[in-house]
Amino acid sequence: MIEKKQLRQDVHRQIRELDDRSDRDRVIIHTLTELKAWQEADTVAVTLALDLEIDTLPLIRLAWKAGKSVFVPKVTKQGLTFHEIHSLEDLEPGVMNILEPTTEATMRSIDVCIVPGRVFDRSGYRIGWGGGYYDRYLATYNGTTIALAYDVQLLDEIPIEPHDIPVEFIVTERETILCSPSSL
């Protein structure tokens, strides 16, 4: 099987070749907001997108408009912490130049967590950036997990390690994949 690094590079190349990413992003965000889990959530966690990822700023604005509390992760030596933000002014560049919150960490429960990833399979397993932050967080998370991805990020098979935690849903521009039967 191809190594994770090579899979990331291959998918990055394919994403760069997409000529209508903003249109795809809009479809993906719209589809996500139609999911029952999203509509019923009072609290949502959203990572701010890096280059080659679905733009999540419109999703954050839609969440606020719907009256949801929005939490953004921050990478620390201990792992991920989540911080409620009330405006985009509550953010500053952090690790890997990802926008991170300047607010205090919260212990509030989060209903829906939007989990980032670079490559996915249809079972919900993902390859991220390689730090393992989300897998450690998800090991104790009890809410709904959803990943946003372009179709080109979906592969039939990816390398899986014992500590990997699959997401429950993957939303692409063409489909919503129910990865875990427990999500019904």
Side-chain angles (χ1 to χ4, degrees), residues 8 11 15 21-50 52-75 79-85 98-101 106 108-129 131-155 158 160 163-184:
R8 284 185 195 101
V11 166
I15 293 171
R21 281 188 46 209
S22 61
D23 291 338
R24 292 171 192 257
D25 288 3
R26 277 191 289 279
V27 169
I28 291 166
I29 296 297
H30 174 76
T31 302
L32 167 66
T33 61
E34 295 295 311
L35 289 178
K36 181 179 177 183
W38 176 267
Q39 291 178 349
E40 292 180 352
D42 292 321
T43 55
V44 297
V46 180
T47 300
L48 288 130
L50 290 171
L52 305 180
E53 294 179 333
I54 288 93
D55 182 7
T56 55
L57 285 176
L59 180 61
I60 290 171
R61 290 185 183 104
L62 287 170
W64 282 329
K65 188 175 179 181
K68 299 180 188 306
S69 296
V70 175
F71 298 84
V72 173
K74 184 172 193 164
V75 174
L80 289 180
T81 56
F82 285 84
H83 306 247
E84 185 172 5
I85 62 167
I98 299 170
L99 290 176
E100 291 186 340
T106 186
R108 281 182 64 191
S109 69
I110 296 171
D111 300 323
V112 169
C113 183
I114 305 302
V115 181
R118 310 309 291 162
V119 185
F120 300 89
D121 70 12
R122 299 182 81 77
S123 297
Y125 286 98
R126 51 182 271 289
I127 297 173
W129 283 101
Y133 293 103
Y134 266 91
D135 287 317
R136 287 191 295 278
Y137 173 74
L138 295 177
T140 60
Y141 176 71
N142 295 319
T144 302
T145 54
I146 304 171
L148 308 178
Y150 300 112
D151 281 336
V152 298
Q153 291 176 264
L154 281 175
L155 301 179
I158 63 172
I160 297 171
H163 64 270
D164 290 343
I165 308 284
V167 295
E168 296 170 79
F169 295 93
I170 301 172
V171 178
T172 76
E173 66 270 35
R174 292 196 186 133
E175 63 183 318
T176 300
I177 301 161
L178 174 60
C179 305
S180 168
S182 66
S183 305
L184 295 174

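The chain is numbered in sequence order, starting from 1.
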*Asks:* Could you state the interatomic distance from CG (Asp55) to CZ (Arg21), rounded to the nearest 0.5 Å?
*Replies:* 8.5 Å

*Asks:* Does any non-hydrogen side-chain atom of Val11 lie less than 4.5 Å from one of Gln153?
*Replies:* yes

*Asks:* Would Tyr134 and Thr47 count as a side-chain contact (heavy atoms from CB on, under 4.5 Å) if you check the C-alpha gap in whole Å, the side-chain angles of each, and the deciding distance to 0.1 Å?
*Replies:* CA-CA 11 Å; Tyr134 266 91; Thr47 300; 2.4 Å; yes

*Asks:* Hey, what do you get for OG (Ser69) to CG (Asp111), rounding to the nearest 0.5 Å?
*Replies:* 9.0 Å

*Asks:* Quick one: do Arg126 and Asp135 make a salt bridge, cutoff under 4.0 Å?
*Replies:* yes

*Asks:* Distance from Arg8 atom CZ to Arg118 atom CZ, nearest 0.5 Å?
*Replies:* 8.5 Å

*Asks:* Do the side chains of Trp64 and Leu59 get nearer than 4.5 Å, heavy atoms only?
*Replies:* no

*Asks:* Is the Lys NZ or Arg CZ of Arg136 less than 6.0 Å from the centre of Tyr133's six-membered ring, within 45° of the axis?
*Replies:* yes

*Asks:* Kindly compute the distance separating CZ (Arg24) from CD (Glu173), expressed to the nearest 0.5 Å.
*Replies:* 4.5 Å

*Asks:* So, for Ile146 and Val171, which heavy atoms are closest and what is the spacing to 0.1 Å?
*Replies:* CG2-CG2, 4.0 Å

*Asks:* Side chains of Asp121 and Leu155, heavy atoms from C-beta outward: is any pair under 4.5 Å?
*Replies:* no

*Asks:* Closest heavy-atom contact between Ile160 and Tyr125?
*Replies:* CD1-CD1, 3.5 Å

*Asks:* Taking the side chain as every heavy atom from C-beta outward, state whether Val44 and Phe71 have any pair of such atoms under 4.5 Å apart.
*Replies:* no

*Asks:* Measuring only between side-chain heavy atoms, which start at C-beta, is Leu148 closer than 4.5 Å to Ile29?
*Replies:* yes

*Asks:* List the steps and the verdict of salt bridge (charged side-chain N to carboxylate O under 4.0 Å, His left out) for Glu175 and Arg122.
*Replies:* CA-CA 11 Å; Glu175 63 183 318; Arg122 299 182 81 77; 2.7 Å; yes

*Asks:* Rounded to the nearest 0.5 Å, what's the gap from OG1 on Thr140 to CD1 on Ile165? Could you check?
*Replies:* 9.0 Å

*Asks:* Does the distance from a Lys or Arg side-chain N to an Asp or Glu carboxylate O, for Lys68 and Glu40, drop under 4.0 Å?
*Replies:* no

*Asks:* Using modelled atom types only, decide if a donor and an acceptor are shared between the side chain of Glu53 and the backbone of Leu50 within a distance under 3.5 Å.
*Replies:* yes

*Asks:* Are Thr144 and Phe169 close enough that some pair of their side-chain heavy atoms sits under 4.5 Å apart?
*Replies:* yes

*Asks:* List the steps and the verdict of side-chain contact (heavy atoms from CB on, under 4.5 Å) for Cys179 and Glu168.
*Replies:* CA-CA 5 Å; Cys179 305; Glu168 296 170 79; 5.7 Å; no

*Asks:* Considering only heavy atoms from C-beta outward, does the side chain of Ile177 approach that of Leu154 to under 4.5 Å?
*Replies:* yes

*Asks:* Quick one: closest heavy-atom pair of Ala41 and Val112, and the distance?
*Replies:* CB-CG2, 3.7 Å

*Asks:* Looking only at non-hydrogen atoms, find the nearest pair between Pro101 and Pro73 and report the distance.
*Replies:* CD-O, 3.4 Å

*Asks:* For Ile15 and Tyr150, run side-chain contact (heavy atoms from CB on, under 4.5 Å): C-alpha distance rounded to whole Å, both residues' side-chain angles, the deciding distance at 0.1 Å, then the answer.
*Replies:* CA-CA 8 Å; Ile15 293 171; Tyr150 300 112; 4.0 Å; yes

*Asks:* With rounding to the nearest 0.5 angstrom, report the CD to OG1 distance, Glu100 to Thr81.
*Replies:* 8.0 Å

*Asks:* Does Thr172 use its side chain to pair, donor to acceptor, with the backbone of Ala149 at less than 3.5 Å?
*Replies:* no

*Asks:* Taking the side chain as every heavy atom from C-beta outward, state whether Leu32 and Ile114 have any atom pair closer than 4.5 Å.
*Replies:* yes

*Asks:* side-chain contact (heavy atoms from CB on, under 4.5 Å), that's the test. Do Ile110 and Tyr141 meet it? Break it down for me.
*Replies:* CA-CA 8 Å; Ile110 296 171; Tyr141 176 71; 4.0 Å; yes

